Structures are given as structure tokens and as C-alpha cells.
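Here is the structure we will look at, set down as C-alpha cells.
Model, not experiment: these values are computed from the prediction. Numbering of ligands and ligand atoms starts at 1, following listing order.
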Amino acid sequence: MSLSVESPPASDMRHKLIIGLDLSSVDEARALVARIGDAGTFYKIGYQLAYAGGLEFARELVGEGKKVFIDLKLHDIGNTVEEGVRSIARIGATFLTVHAYPQTMRAAVAGRAGSALKILAVTVLTSYDDQDLAEAGYAPGTSAADLVARRAAQARDIGIDGIVCAAPEAPRIRTVLGPDRLIVTPGIRRSGAASGDQKRILTPADAIRGGADHLVVARPILTAADPRSAAQAIVDEISAAVA
Ligand code: C5P
């Protein structure tokens with residue numbers, strides 16, 4: 001295994017596609033990454049794989065020159081978040097998610113200091129609507145849309161590197177964040193593809209034109225007969241949208 005390989009240049013459109021390794025074993029993930037080969041440069045590891053050896057696998061990917069997004073949506077007391085982020089920074093990950101609570105975001109920014117890790121904030125989970133917020137104890141009348149905007153502004157002011165949001169929200173979030181912060185969006189499907197349980201979907205081209213910097217795609221690649229071609233087709237669509 002090589003210890004360190006050059007990452008692709010920023011102009012390489014492959015890095016705009018983040019392939020979600022929503023798999024339950026490292027063996028499956030390793031096999032998928034091998035099948036995708038050089039069509040994929042950026043992988044996301046979430047709860048499912050992280051708690052099945054995925055953090056060690058993250059080191060392996062980084063050693064092979066891949067970029068890694070650790071999607072653990074951290075939220076705890078400040079000291080715990082700061083130290084946890086510091087440990088993840090040592091893995092060599094590129095992105096890490098935290099919930100967009102001010103204390104948590106400040107701690108995450110402190111924890112990633114001096115490293116190349118970028119912190120992405122999750123404002124309001126997309127599975128939450130206004131009723132879910134009321135049930136969770138937020139003041140009656142609190143709207144998810146307003147809370148998303150408020151937390152995106154707080155994230156910007158605290159120095160968070162970017163936001164994860166549903167693709168259709170990207171244009172509005174971009175107006176809050178300004179041009180320099182990252183927007184990362186799941187819920188991407190090529191036209192005509194099955195949407196699965198994703199309700200608010202956009203095509204890769206529309207998401208990029210709407211201001212997304214990186215797209216997270218899992219099932220359309222994981223379940224494709226040819227995952228490498230599926231990834232390549234999305235990268236081609238991103239390249240055409242950027243050109
Ligand atoms: O399979 P699919 O392309 O829908 O997967 C999208 C990925 O993005 C999954 O890893 C999922 O957990 C993640 N995600 C999402 N919606 C959010 C936040 C994260 O689908 N609001």
C-alpha cells in the first residue's frame with residue numbers, strides 16, 4: 001500500500017462528486033472503491049460504515065490519495081467536540097459534519113485548527129419539518145426554513161467552512177454564505193433515475209448551476225450494474241455544467 005499519493009488538482013471535476021459509501025462492511029467498501037477506480041476521488045463515510053471499521057478504512061483511502069468526507073454529524077459539549085474533531089483531523093479527512101449549534105461549531109473550528117480538515121455544518125436535518133421542530137420543543141411557529149437561514153448565518157460568522165443542504169436550497173444558502181464557503185448537497189439523481197426515498201432531488205447539472213460545490217451520491221452508484229460508468233456519467237454531467 002502506498003503511504004502518500006498526490007491528490008488530484010482542484011480543476012479536476014472528479015472531486016466535485018462525493019461517493020457515499022453507505023455499506024455495512026469495509027470489504028464491500030474496498031471492493032466498490034476498486035471497481036470505481038480512478039473515476040472516483042472523493043468518498044463519504046457515514047454512520048453505517050464508520051461504526052463497522054470505516055474510520056480505519058478512511059486512513060487507507062487517504063493513503064491511496066483519495067479524499068474522505070467523515071459524515072458523523074457531531075454534537076456534544078464543546079471539549080468533547082473539539083477533541084473528537086482533532087482526532088478526525090489526524091486521519092487526514094477532508095470534510096467532517098457537525099450539527100449547526102453555535103457551541104458545537106465553535107468547538108469544531110477550534111479542533112480543526114492547523115489541519116487541512118474542513119468543517120461542514122448541518123443546519124436542520126432535511127427529515128425535520130415545522131411540526132417536528134415543535135415536537136422537539138422549539139417555540140411554536142418556528143419554521144424549518146427560517147432556522148436553516150439563521151444557522152447558516154451563524155455558521156458563516158463562526159468560521160465554518162461550508163454547509164450541507166438539500167440541493168434545491170443551495171441558491172438561498174449561497175446568498176447567506178457568500179461565494180467563499182462550500183455548499184455540499186445530497187439528493188442528486190440523473191434525469192429519469194429512481195429517486196428512492198429522496199423527495200427533494202435535482203440533477204447533477206442543476207445542483208451545480210444552483211451553487212453546489214460538491215454533490216453526494218450513494219445509491220445511484222452503489223446499486224449500478226457498472227458503478228464506474230455511473231460515477232463517470234455524473235462527473236461528465238458536472239463538467240458540462242461547469243463549462
Ligand atoms: O443514496 P443517496 O444518493 O440518496 O444518498 C445520499 C447520501 O447523502 C446518503 O449518504 C445520505 O445519508 C446523505 N444525506 C441525505 N440527505 C441529507 C443529508 C445526508 O441523503 N439531508
Side-chain angles (χ1 to χ4, degrees), residues 16-26 28-29 32-33 36 39-40 42-52 54-55 57-58 61 66-75 93-100 118-130 132-133 144-145 147-149 151-152 155 160 162-170 172-173 182-208 210-225 227 229-235 237-238:
K16 290 197 170 284
L17 170 63
I18 302 177
I19 300 169
L21 292 174
D22 294 337
L23 298 166
S24 48
S25 79
V26 168
E28 283 173 275
L32 184 87
V33 170
I36 292 172
F42 210 151
Y43 289 93
K44 179 169 88 77
I45 295 176
Y47 288 2
Q48 189 181 357
L49 188 61
Y51 297 130
L55 297 180
F57 183 59
L61 286 175
K66 306 293 188 193
K67 289 174 180 260
V68 178
F69 171 3
I70 308 273
D71 187 16
L72 287 182
K73 300 185 179 68
L74 301 186
H75 183 45
T94 299
F95 291 161
L96 168 70
T97 41
V98 303
H99 281 281
K118 290 186 171 15
I119 306 294
L120 305 178
V122 176
T123 54
V124 178
L125 292 169
T126 51
S127 58
Y128 275 58
D129 61 18
D130 298 358
D132 294 307
L133 292 178
L147 197 52
V148 167
R151 289 182 172 170
I160 286 285
I163 295 280
V164 180
C165 67
E169 283 174 6
R172 201 167 60 96
I173 297 283
L182 298 168
I183 295 180
V184 177
T185 64
I188 302 296
R189 293 293 181 269
R190 300 191 69 223
S191 48
S195 59
D197 57 3
Q198 294 281 12
K199 294 195 181 82
R200 309 189 61 213
I201 55 173
L202 284 185
T203 65
D206 285 342
I208 292 288
D213 297 289
H214 297 270
L215 313 181
V216 177
V217 183
R219 285 164 293 181
I221 296 173
L222 302 190
T223 64
S229 304
Q232 188 60 55
I234 294 170
V235 172
E237 190 173 331
I238 292 172

(Q) Heavy-atom contacts with ligand 1 below 4.0 Å: which residues, ordered by chain and residue number? (A) Asp22, Lys44, Thr126, Pro186, Arg189, Gln198, Val216, Val217, Ala218, Arg219, Pro220
(Q) Can you classify the ring geometry of Phe95 versus Phe69 as parallel (below 30°), tilted (30 to 60°) or perpendicular (above 60°)? (A) perpendicular
Q) Is there a donor-acceptor contact under 3.5 Å from the side chain of Thr203 to the main chain of Arg190? A) no
(Q) Quick check against the 3.5 Å criterion: does Lys16 have a side-chain atom that pairs as donor or acceptor with the backbone of Asp213? (A) yes
Q: Flag the pair Lys73 / Leu125 as yes when at least one side-chain heavy-atom distance between them is below 4.5 Å, and no otherwise.
A: yes
Q) In Å and rounded to the nearest 0.5 Å, what is the CD1 to CD1 distance from Ile208 to Ile234? A) 11.0 Å
Q) What is the distance from atom CD1 of Ile183 to atom CZ of Arg172, rounded to the nearest 0.5 Å? A) 11.0 Å
